[in-house]
Enquirer: 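I have a structure here, written as structure tokens, and I will follow up with some questions on it.
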4 protein chains.
Amino acid sequence: MTATVSRGERRKAETRRRLLGAAAQVFGEVGVDGATIAAITEQADVGLGTFYLHFDDKDEVAAAVADDLVARIAAATDDAGAGIHAATRAVCAVAADEAALLHALYRWHGSARSGGLRAAFVERIARGMKRGIKTGLMRKEDPTLAAHAVLGLYAETILYWASSGRDDWDTLAAFLERTTAAAFSA
Amino acid sequence: MTATVSRGERRKAETRRRLLGAAAQVFGEVGVDGATIAAITEQADVGLGTFYLHFDDKDEVAAAVADDLVARIAAATDDAGAGIHAATRAVCAVAADEAALLHALYRWHGSARSGGLRAAFVERIARGMKRGIKTGLMRKEDPTLAAHAVLGLYAETILYWASSGRDDWDTLAAFLERTTAAAFSA
Amino acid sequence: MTATVSRGERRKAETRRRLLGAAAQVFGEVGVDGATIAAITEQADVGLGTFYLHFDDKDEVAAAVADDLVARIAAATDDAGAGIHAATRAVCAVAADEAALLHALYRWHGSARSGGLRAAFVERIARGMKRGIKTGLMRKEDPTLAAHAVLGLYAETILYWASSGRDDWDTLAAFLERTTAAAFSA
Amino acid sequence: MTATVSRGERRKAETRRRLLGAAAQVFGEVGVDGATIAAITEQADVGLGTFYLHFDDKDEVAAAVADDLVARIAAATDDAGAGIHAATRAVCAVAADEAALLHALYRWHGSARSGGLRAAFVERIARGMKRGIKTGLMRKEDPTLAAHAVLGLYAETILYWASSGRDDWDTLAAFLERTTAAAFSA
DNA sequence: TATGAATGAGGTTTCATTCAT
DNA sequence: TATGAATGAAACCTCATTCAT
């Protein structure tokens with residue numbers, strides 16, 4: 001009744017994880033466009049050809065790395081419970097850890113196949129907005145448009161905070177809560 | 001004492017203008033990273049080597065194109081007179097015309113030499129914020145931080161508007177004014 | 001005293017047969033040069049590494065497939081009994097079935113180790129020629145040279161027939177008999 | 001009134017000629033499939049990238065080399081005047097010089113774009129056949145089919161002659177004339 | 001000043017082959 | 001005996017940059 005994955009499968013999954021981690025690292029250092037497959041496999045300490053056993057091309061890893069990051073932020077906000085307050089702190093906490101990667105992926109143009117970070121975040125935020133509007137806590141606005149506004153506001157300030165080397169993320173979180181509340185509360 | 005620019009100098013300036021226009025066009029089509037020097041010179045209908053008589057590399061043209069765009073938006077807002085209202089309409093008007101280029105330059109990582117669009121806009125917005133705070137119209141916030149917030153809010157919504165093909169820019173402008181006012185007015 | 005082949009040996013022979021069939025299939029589809037080991041093992045529904053338990057490399061399978069085909073054509077002509085007439089019909093019958101494979105192997109440059117189809121056919125034809133000359137049915141010519149001539153004549157027309165999608169192989173067979181007889185009979 | 005091609009254009013044409021010559025050389029040595037772009041540019045003593053200034057890919061050079069060879073053989077036969085006799089000698093003369101290249105191109109599978117040697121030769125031979133049939137010198141046969149037969153007969157014997165190192169091409173030419181005449185004359 | 005042919009470093013991708021299981 | 005993940009050499013192709021004209 002244990003998970004029945006053969007050792008071979010576990011090793012393959014481990015290699016894939018290594019590649020994803022290496023890609024995240026490299027993307028953070030030189031950006032998605034600046035990253036080369038060779039740099040990723042080198043960082044992962046696997047052979048060059050191994051990359052193509054796990055991904056078709058760079059876009060595919062980038063999409064997978066983006067999905068991972070989105071999932072982590074989603075998990076962090078979900079764990080944090082309801083409320084903009086907790087969610088904002090959680091997002092800032094992840095941002096503090098993964099500033100470089102966040103920067104790389106947020107600026108990434110994405111590919112035909114993947115919407116990248118933006119689409120995923122917009123969708124999550126828009127859902128929250130709809131709830132807020134329905135419960136009367138929020139001013140009535142087009143949820144998708146408002147979600148883009150919030151995304152831009154959060155992303156640009158977070159990346160600014162990270163790039164200027166400030167580490168008092170609570171200050172930023174407070175600003176974000178204050179501003180968002182003022183902007184959209186009913 | 002008319003301006004004494006020789007014919008050679010005039011021709012050179014004309015060629016430079018051609019290259020800038022071509023670069024803007026190509027950037028809009030394939031992004032800054034996707035653009036090649038050959039594509040730019042071809043679009044400009046100029047020899048390949050000519051590029052290097054006017055610019056050192058792609059970063060330099062991209063910076064120049066970005067400066068041009070910033071200057072045009074600045075001129076538009078300045079012409080529009082004071083007030084967020086007029087400025088927002090002016091920005092949206094330019095965005096409507098240059099959506100593709102705006103997209104390309106805003107996502108561009110920039111270069112070591114140039115801050116790109118972001119730095120220029122942040123600086124302008126921050127100046128406005130300082131004025132607003134001093135005159136008591138605006139809530140007191142860190143002007144640079146607030147400027148990044150406004151930049152992100154505007155940029156992300158404008159690019160969304162353009163990418164979704166909507167052309168009722170007045171609707172967007174109204175949303176932006178409403179939201180910004182709510183977020184930052186005293 | 002039945003043939004005592006162990007189960008292991010039987011299974012191994014079966015796997016080899018599977019690989020040969022798969023190789024023939026793949027060669028017909030993409031040519032010998034275009035075929036990859038992976039494509040062959042996939043078609044055979046066998047592990048990639050298994051290939052190397054049976055063959056050293058692609059040239060070796062190609063040679064084996066060619067030998068098979070030659071053997072089948074030889075068997076067909078032998079079964080058909082004596083006479084150019086019957087042999088030609090038999091060759092055309094096989095060609096009709098295996099046009100793609102025939103094309104792939106006939107154009108194949110061969111390897112250092114194997115003469116491929118050409119050598120085998122030339123040898124068989126030359127033997128027939130010598131007999132024909134000895135019995136006085138055939139004009140006296142250098143048998144090997146004449147064999148090459150016949151091979152080229154047959155092969156090029158058969159491949160043309162197959163590639164143009166015609167299926168009235170009797171028409172072709174009649175042409176070949178008529179022409180060969182005219183060319184070489186005493 | 002002299003040919004008005006600038007020096008630059010002449011130099012470019014010269015480079016192209018160098019590449020064609022080098023490709024012919026390399027194809028003769030290792031076959032079309034075995035040839036690499038690097039080997040061709042090295043043989044031509046030009047930079048690797050230069051290749052792509054003149055040809056899209058290997059298929060395109062191969063087609064150009066094939067066209068050249070066809071044109072040379074066509075010129076040789078045309079110069080030789082009418083009659084199978086002269087034409088056969090002319091073909092053999094070129095074959096003697098270009099045996100290796102002929103071998104490489106004749107075995108080449110060709111590309112989607114180019115019919116290669118085969119198509120060009122078949123067409124020329126078929127034209128001759130139609131004339132022969134109309135004038136009553138030749139037995140009535142499907143001209144395209146007969147052309148393939150003649151092509152196969154000539155090609156296979158010529159390549160045999162070359163590969164076996166024989167240099168009495170007159171002997172071969174005599175065989176070809178004799179055999180073709182017997183096979184197809186009315 | 002303008003041109004564009006030539007260059008080659010640098011990236012991507014494939015695939016024969018090995019080897020631990 | 002069978003497997004298939006891992007490997008890296010080798011091929012392809014692009015494009016920034018130079019330089020002779």
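Below, read A as the first sequence line, B as the second, and so on, with proteins coming before strands; counting in each chain starts at 1.
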Enquirer: With sequence neighbours excluded, tell me which residues meet side chain to side chain donor-acceptor pair (under 3.5 Å) with Glu29(C).
Expert: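 Once residues adjacent in sequence are excluded, the partners of Glu29(C) under the side chain to side chain donor-acceptor pair (under 3.5 Å) criterion are Gln25(C).
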
Enquirer: For Ala35(B) and Gly8(D), take the nucleotide of DNA chain F holding the closest heavy atom to each; which residue's nucleotide lies nearer the 5' end?
Expert: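 So the residue in question is Ala35(B).
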
Enquirer: So if I take every side-chain heavy atom of Tyr52(D) and compare against dA6(E), dT17(F), dC13(F), which nucleotide ends up nearest?
Expert: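 Taking heavy atoms from C-beta onward, the closest nucleotide is dC13(F).
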
Enquirer: Phosphate oxygens OP1/OP2 of dA5(F): is one of them under 4.0 Å from a side-chain N or O of His54(A)?
Expert: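 Answer is no, no contact under 4.0 Å.
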
Enquirer: Side-chain donor-acceptor contacts of residues 57-64 of chain C below 3.5 Å, not counting sequence neighbours, with atom names and distances?
Expert:
residue	atom	partner	partner atom	Å
Asp57(C)	OD1	Asp59(C)	N	3.4
Asp57(C)	OD1	Glu60(C)	N	3.2
Asp57(C)	OD1	Arg113(C)	NH2	3.4
Asp57(C)	OD2	Arg113(C)	NH2	3.0
Lys58(C)	NZ	Val32(C)	O	3.2
Lys58(C)	NZ	Asp33(C)	O	3.4
Lys58(C)	NZ	Ala35(C)	O	2.9
Glu60(C)	OE1	Asp56(C)	N	3.2

Enquirer: May I have the distance from Glu9(D) (atom CD) to dA20(F) (atom C1'), rounded to whole angstrom?
Expert: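 Rounded to whole Å, this separation is 16 Å.
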
Enquirer: Identify, between Asp45(C) and Asp45(A), the residue whose nearest nucleotide on DNA chain F lies closer to the 5' end.
Expert: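 The answer here is Asp45(C).
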
Enquirer: Is the backbone of Val46(B) close enough, under 3.5 Å, to the side chain of Thr50(B) for a donor and an acceptor to pair up by distance?
Expert: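 Such a contact is absent between Thr50(B) side chain and Val46(B) backbone.
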
Enquirer: From CD1 of Ile40(D) over to P of dG8(E), roughly how many Å is that when rounded to an integer?
Expert: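 Going from Ile40(D) (CD1) to dG8(E) (P), I get 17 Å.
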
Enquirer: From CG of Asp33(B) over to P of dC15(F), roughly how many Å is that when rounded to an integer?
Expert: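 That distance rounds to 12 Å.
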
Enquirer: From Phe55(B) CZ over to Ile37(B) CD1, what is the distance, rounded to the nearest 0.5 angstrom?
Expert: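 It is 10.0 Å, given to the nearest 0.5 Å.
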
Enquirer: Is any NZ, NE, NH1 or NH2 atom of the basic residue among Glu14(A) and Arg17(A) found under 4.0 Å from an Asp or Glu carboxylate oxygen of the other?
Expert: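 Result for this pair is yes, salt bridge flagged.
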
Enquirer: From CG of Asp57(A) over to C1' of dT13(E), roughly how many Å is that when rounded to an integer?
Expert: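 The answer, rounded to whole Å, is 11 Å.
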
Enquirer: Is there a side-chain contact between Thr15(C) and the phosphate of dA2(F), meaning an N or O under 4.0 Å from OP1 or OP2?
Expert: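 Yes, such a contact exists.
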
Enquirer: What is the distance from CD of Glu42(D) to P of dA11(F), rounded to the nearest Å?
Expert: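 It is 11 Å, rounded to the nearest whole Å.
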
Enquirer: Is there a Watson-Crick or G-U wobble partner for dG8(E) with both distances under 3.5 Å, and which nucleotide is it?
Expert: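 When the pairing criteria are applied, dC15(F) turns out to be the nucleotide that pairs with dG8(E).
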
Enquirer: For the pair made of CZ in Arg10(B) and C1' in dT1(E), what is the distance, rounded to whole Å?
Expert: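 Going from Arg10(B) (CZ) to dT1(E) (C1'), I get 15 Å.
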
Enquirer: Between Thr50(B) and Phe51(D), which has a closest nucleotide on DNA chain E that is more 5'?
Expert: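 Here Thr50(B) is the residue nearer the 5' end.
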
Enquirer: Any base atoms under 4.0 Å from Thr41(B), or only sugar-phosphate, or nothing? Heavy atoms, all strands.
Expert: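 Nothing, no heavy atom under 4.0 Å.
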
Enquirer: Using the side-chain heavy atoms of Leu53(C), tell me which of these nucleotides is nearest: dA5(E), dA2(F), dA5(F).
Expert: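 Selected nucleotide: dA2(F).
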
Enquirer: CZ of Arg16(B) versus P of dA2(E): gap in Å, rounded?
Expert: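 The distance from CZ of Arg16(B) to P of dA2(E) comes to 12 Å, rounded to the nearest Å.
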
Enquirer: What is the distance, rounded to the nearest whole Å, between atom CG of Leu48(A) and atom P of dG11(E)?
Expert: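 That distance rounds to 11 Å.
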
Enquirer: Compare the minimum distances between each of dA6(F), dA16(F), dT21(E) and the side chain of Ile37(B), then state the nucleotide with the smallest one.
Expert: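 Of the options given, the side chain of Ile37(B) lies nearest dA16(F).
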
Enquirer: Which nucleotide, if any, forms a Watson-Crick or G-U wobble pair with dT21(F), using both distances under 3.5 Å?
Expert: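 Matched dT21(F) with dA2(E) under the 3.5 Å cut-off.
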
Enquirer: Assign each of Lys12(B) and Thr36(C) to its nearest nucleotide of DNA chain E by heavy atoms, then name whichever residue's nucleotide is nearer the 5' end.
Expert: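 The 5'-side residue here is Lys12(B).
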
